[in-house]
Amino acid sequence: MSKKYVYMFSEGNASMKNTLGGKGANLAEMTLLGLPIPQGFTITTEACTEYNQGGKKLTDDMIAQIDAALANLEEIAGKKLGDPENPLLVSVRSGARASMPGMMDTVLNLGLNDISVEGLAKKTGNARFAYDSYRRFIMMFSDVVIGVSKSKFERKFDEYKEKVGVEVDTELSGEQLKEVSEIFKALYKEDQGVDFPQEPKQQMLESAMAVFRSWDNPRAFVYRRMNDIPYEWGTAVNIQMMVFGNMGDNSGTGVAFTRNAATGDKAMLGEYLINAQGEDVVAGVRTPLPIARLAEDMPAVYDEFMMLSNKLENHYKDMQDMEFTVEEGTLYFLQTRNGKRTAPAALKIAVDLVEEGMITKEEAVMKVDPRQLDQLLHPAFDQAALDAAESIGKGLPASPGAAAGKVCFTAEDAKAVAEAGERCILVRLETSPEDIEGMAAAQGILTVRGGMTSHAAVVARGMGTCCVSGCEEIKMNEEEKTFTLAGHTFAEGDYISLDGSTGKIYGEDIHTVDPEISGDFGTFMAWADEIRSLKVRTNADTPHDARVAIDFGAEGIGLTRTEHMFFEGDRIMKFRKMILAETVEEREVALAGIEPFQKQDFKGIYEAMLERPVTIRLLDPPLHEFMPHTDEEFEALAAETGKTVEELKVKATSLHELNPMMGHRGCRLAVSYPEIAKMQAKAIIEAAVEVSIEKGIEIVPEIMVPLVGEVKELRFVKNIVVETAKEVMAAKGKELKFLVGTMIEIPRAALTADQVATEAEFFSFGTNDLTQMTFGLSRDDAGRILSDYIDANIYEVDPTARLDRTGVGALMQMAVEKALPVRSDIHLGICGEHGGDPSSVEFCHIIGLDYVSCSPYRVPIARLAAAQAQLTDPRETRKH
Ligand code: ADP
Ligand code: MG
Ligand code: MG
């Protein structure tokens, strides 16, 4: 039997998302549930992959299966595609596994041509409707399938409306819309040099292929990259009978969420437009009405809609985002999916659903995307600054948070301003998928048109970016790059501020501050903590960072970098003197001047952490990083050391390395200058002893040796540390347990982990360097190279942000497997940036690390990711 590429809606169900895509699987599920769904069929994601990889052709087998499904649909509908008297019209809709709002293009009203449009007009007695559908079809097909830009059609449409003196599309008559479709066809011919195609079957196949190809377009790549969606998933195509919201005043189309997607409140949030079709609501063609108005306009439809949407929410046990159409008083559902939501809403909904008895705590923990928690930690306005400011206008509170920055009018400008390190607000009439990178770069987004479910609103909420939409008082001048609001004119580069929670707009730069965290957060995170086995530590170099991290739930410090401590105040001068010392004695004198500061810093950290574990890394970076840069710095150092500026410059040059990342750094410094390691060990142990005595606790310092590639290097440094510790403890009259371990960040350390483990009491995977060295790709230069690699689809994600399981991960796993037989109680952790990335956290769980360590603000993300890794671990027999 040949492979099945096509499924009728009645053949699928919600569990088939991988094959049918999210939209197709849910259309099938709703069909099973008995909801009013216009019927149709789905061409599988596998067909997409084969199409894109197989020379962009549909195979004969695929076409035969599509033909059979179409015949089946024609039977169900009682009409035929392209029939001159009673044509079947269909939509061609994309639908990947994970919803990608606005990324893929839909063609509506397919099946119309110069003949069947007349048939439709006659059959319905509604020429206005028939030609409204036809002009839409010509535009969508030309744009999506052929690539004639929609804006060209929209310009013609606007010109026409102006010529005949109407404001909105609904005021045009059938005769006028017929003229519009003629104008559109002429535009097509002018652009393409051939007549607008008239063969419906061919149009259908062409559209399906265009959907497949849209998986390959640049904005789809951008969206997937931002949302971690793999290329190989592909998109399905849904061919569905049309229902019409544009048949008159008893028809309409809308979108709704079963709960408030911004706050999580249990109240329906929706919008609709009368006598409209498809994307009209989200595109901001006219300003939509709130769903509550439907209760007055069409009470029976409203009741049915509320009943069925409730049924959907209970069935999916989650907040639903639905699309519906009313055709001459009859309700149809066109789509449902678990709705996108802000982080506060995600937490509230998860907690509420548990309290309502709909789901378990474990299910709740799986419902929140860890990366989303980031939003909770985003800025709000400083209250005093906000009170002092006066709002100059108001739009819809589309995506919460606060933002202030320079006005930009295009996505490109926003990117440029962000790249220059400045904050910006993207101001647009409305946004479209092409704007996505600019939206990601901006602090906030302001649109003139569009409701709470507009492209701008949905995308901004997903990104956690502040957004105010639909501020129609704004007079926009896109050419001149200015806009006017409440009598003020703003030009590019002027500052404005947005409050995405109230919709207010301010004509000035208002100071923003960190947000407060709700009770739902605590409840939810406590569930995650109960579930996870992987511990979460933080990377913190100061007592302040350590305290912030504890508030976010950190259970220890996985990495304290000591080098930052040398830059403060006059310490750098002392450190430079140490570097310039000609003899061991001179160096020891200089180091003795630094030691009290180091000890004080370590005491501060121990006092913040108390008995929680603290890992301190010995000095890591190449020494030349500490040398003076400016002439003034050289002069100051010359005055201090009695050397000449010339002598100092010669020394600085001698320290210069061609490849410092692989140069004189890490434990190599301790090999050349054992005094440095000795001073640091003394400071670490003294600090621990003193704080232990003062607080009446037992601190167990963990001393970490960086950049080890050979066990003898580690042994060399460890001896210094152990000897020093003995001396300190003898002098202080107090014994403390302490650990000496190493970073695994040079591939050779992983390859010889069985040897390294004979000396190391713990391993901490330094995956920043380990990735750099495994890929042979310099961290400092990777940016440009990686963006080319990602554009060329050689790498799908940046391996410095998400752990490469195949290569770097294999080294990690090998290190773990080699170390455990040698030292069964070895502590295993990770302290690279990957420790706060959910996919990398999952990998750390899988290979059996004890903890991950990440920056303080990512601690909640890691806690949740660790719980999810536990819940999805196939080896766990579920305790719950
Ligand atoms: P997206 O994935 O971008 O939301 P959709 O495939 O859902 O795109 O379609 C875009 C719009 O067209 C939606 O508003 C949807 O409700 C509408 N639509 C799609 N198919 C039909 C149909 N068969 N009948 C009526 N409206 C449809
Ligand atoms: Mg949709
Ligand atoms: Mg390193």
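Values reported hereafter were calculated over all heavy atoms of this structure, with side chains retained and with hydrogens, waters and symmetry mates removed. Indexing begins at 1, ligand by ligand and atom by atom, following the structure's order.
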When only distance counts, is [X] in polar contact with ligand 1, meaning an N/O pair under 3.5 Å?
X: Leu108; answer: no
X: Thr253; answer: no
X: Gln335; answer: yes
X: Thr106; answer: yes
X: Pro38; answer: no

Salt-bridge criterion met for Glu206 and Arg213 (N-O under 4.0 Å):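 Looking at Glu206 and Arg213, the cut-off is not met.
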Presence of salt bridge, Asp318 and Arg341, under 4.0 angstrom: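 Asp318 and Arg341: salt-bridged.
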Proximity to ligand 1 by part of Glu323, non-hydrogen separation under 4.0 Å: side chain
Ligand 1-proximal atoms of Val243, by part, heavy-atom distance under 4.0 Å: both
Heavy-atom gap Gln277 to ligand 1 smaller than 4.0 Å: no
Ring centre gap for Tyr231 and Phe221 strictly below 6.0 Å: yes
Closest contact, heavy atoms only, Pro397 versus Gly503: CB-N, 3.7 Å
Aromatic ring pairing Phe196/Phe137, orientation class (parallel under 30°, perpendicular over 60°, tilted between): perpendicular
Of the listed options Met241, Glu327, Arg93, Met140, closest to atom 7 (O) of ligand 1 (non-hydrogen atoms): Arg93
N, O or S from Gln335 under 2.8 Å to the Mg ion (ligand 2):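 Yes.
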